[in-house]
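Lettering of chains follows the sequences in order, A, B, ..., and the numbering in each one begins at 1. Note that the structure is a prediction, hence the values are computed from the model and not measured.
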Number of protein chains: 2
Amino acid sequence: MVQEDKITLFWLPHSRAQRIVWLLEELGVEYNLHMEDRVQDVRAPESFKKFHPLGKTPILHVEKPDGTVKKFGESGFIVQYLIEHYDTTGKFKPVTEDDKDLIDYFNHYAEGTMQPLLVGLLVNNVAAKSVSFPVSLLVKTVVGKINSGYYAPEAEKNVKFLNDFLKAQHAKGRKWFVGDKISAADIMLSFPVQKVIVANGGATVKPVKESYPDMYQYFQDITSEPAWIRAAEKVRGRDHVVINGKL
Amino acid sequence: MVQEDKITLFWLPHSRAQRIVWLLEELGVEYNLHMEDRVQDVRAPESFKKFHPLGKTPILHVEKPDGTVKKFGESGFIVQYLIEHYDTTGKFKPVTEDDKDLIDYFNHYAEGTMQPLLVGLLVNNVAAKSVSFPVSLLVKTVVGKINSGYYAPEAEKNVKFLNDFLKAQHAKGRKWFVGDKISAADIMLSFPVQKVIVANGGATVKPVKESYPDMYQYFQDITSEPAWIRAAEKVRGRDHVVINGKL
């Protein structure tokens with residue numbers, strides 16, 4: 001089948017956009033990767049506002065054969081849209097209605113619950129590091145109280161929740177989050193799972209590898225997928241993406 | 001049509017659950033409202049973990065005629081599920097494909113982008129109020145820096161983004177977020193819009209009524225909808241829900 005739509009993904013390093021590259025590779029569609037670097041280490045370039053009003057990555061453009069361009073933001077929506085329109089082989093099609101519900105649930109959960117907790121911890125930790133000693137001690141104390149009062153226990157609870165899900169799957173000899181094949185749940189959850197593993201001790205009090213071995217195994221598995229590795233190679237030189245679980 | 005599924009919504013005061021009550025009233029389905037109070041003003045009761053592993057509201061149970069019970073969390077998913085299964089009259093059905101895309105986008109945006117910013121501000125402000133003078137001055141300084149460095153400008157940008165959308169709609173004589181009828185976008189965005197209006201000066205630096213008049217008008221409109229008012233009456237005595245825009 002000839003692909004008529006021109007797809008462009010607007011991408012920045014160490015961002016939510018890399019999981020969309022993974023999905024595009026899994027779907028086997030043709031796409032253009034617009035890569036830029038971040039400004040001052042963390043900010044999106046102002047130019048990104050040309051591509052979508054909120055100017056943050058990922059942004060997806062879909063140019064239709066008549067020349068109209070659809071401009072999308074929100075990872076959960078982009079993943080849902082790409083699978084709905086370009087999964088021509090049914091690779092991502094849920095097998096049962098229960099699987100469909102769980103996949104849709106996790107699609108919303110990833111950015112609606114898990115990711116805000118990790119961002120909350122990150123923002124506070126950046127703040128704590130941004131001031132010099134001895135003020136930094138005070139800032140660390142305050143930030144520590146906010147984290148221990150809300151973000152840290154919530155993040156720990158959610159890492160356990162995800163690990164429990166994977167443990168039940170592994171017990172059935174399955175490696176993905178839902179059913180026995182890859183789904184939008186894996187694409188969406190790959191980003192927060194990666195953040196938890198890579199920031200070992202940052203998102204959880206307990207060491208991830210020892211305390212959440214099913215999540216750790218899952219991370220080994222997804223980062224060894226051929227499409228994941230092809231996605232990592234696409235951004236080589238711009239970003240370091242873990243492959244084969246090697247941190 | 002006889003409704004075969006038994007629907008139960010698990011609800012707490014001043015939470016994301018009230019917009020689900022609004023949706024259930026709009027859909028005209030039968031449902032049971034399980035209402036409890038919060039613990040120590042902000043926490044969900046431990047008992048809620050019986051209803052869903054993460055134990056936070058909203059939780060939706062759907063009991064099928066064969067006795068099986070589906071247990072759901074995530075506002076965006078619950079809204080999508082209820083409309084997919086119980087919108088028997090097509091009230092929420094998008095008119096065009098572009099409308100569908102925008103509705104699905106806003107469904108993800110509400111909890112994926114807007115709400116985490118408002119929660120970030122809230123958590124920090126609760127922290128700043130939780131300690132006594134003179135320590136509170138230090139805490140306020142630190143929290144103020146975190147807010148002004150990230151949450152506040154992001155929240156302001158997003159309030160403007162939403163107001164711009166509504167302004168364009170109002171210019172066409174339309175009162176809803178997408179197209180010319182109510183959609184999942186309105187249900188989902190009603191919660192953050194309400195938070196912005198009610199916490200005037202908390203989520204934005206600029207006064208909402210004067211600086212974002214289209215959002216303010218929208219708030220008057222949705223809180224005057226008959227189904228919104230019925231939803232407010234359902235929780236009378238447990239929560240104060242704004243009706244007819246009266247704060």
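With a threshold of 4.5 angstrom between heavy atoms, A/K100 approaches chain B through side-chain atoms but not through N, CA, C or O. For A/K56, the part sitting under 4.5 Å from any heavy atom of chain B is the side chain, from C-beta outward, and nothing else. In this structure, the portions of A/D98 lying under 4.5 Å from any heavy atom of chain B include both its backbone and its side chain. In this structure, the portion of A/Y150 lying under 4.5 Å from any heavy atom of chain B is its side chain and not its backbone. Residue contact with chain B, scored on non-hydrogen atoms closer than 4.5 Å, is absent for A/R16.
When ring centroids are compared, A/Y81 and B/H108 stay outside the 6.0 Å threshold.
Nearest heavy atom pair, residue A/Y151 against residue B/G120, reads OH-CA, 3.6 Å. Across all their heavy atoms, B/F77 and A/Y105 have their closest contact at CD1-N, 3.7 Å.
Counting only heavy atoms from C-beta outward, the side chains of B/V143 and A/I146 approach each other to under 4.5 Å. Residues B/Q80 and A/Q80 form a side-chain contact, since some pair of their non-hydrogen atoms from C-beta on lies under 4.5 Å apart. In this structure, the side chains of B/K70 and A/E97 come closer than 4.5 Å at one or more pairs of heavy atoms.
Of all the listed residues (A/G76, A/P116, A/A110), the one sharing the greatest number of non-hydrogen pairs under 4.5 Å with chain B is A/G76. Annotation: maximal heavy-atom pairing with chain A below 4.5 Å, among B/I78, B/V123, B/D101, B/V119, occurs at B/D101.
Crowding of A/K93 atom NZ: a count of heavy atoms from other residues, nucleotides or ligands under 6.0 Å not exceeding 12. Crowding of A/R43 atom CZ: a count of heavy atoms from other residues, nucleotides or ligands under 6.0 Å not exceeding 12. Residue A/K167 places its NZ atom among 12 or fewer non-hydrogen atoms of other residues, nucleotides or ligands, all under 6.0 Å distant. Residue-environment remark: NZ (B/K6) stays at or below the threshold of 12 foreign heavy atoms within 6.0 Å.
In this structure, CD on A/E74 lies 8.0 Å from OH on B/Y109, to the nearest 0.5 angstrom. To the nearest 0.5 Å, atom OG1 of residue B/T113 and atom CD of residue A/Q115 are 11.0 Å apart. Separating the CG atom in B/L54 from the NZ atom in A/K160 is a distance of 10.5 Å, to the nearest 0.5 Å.
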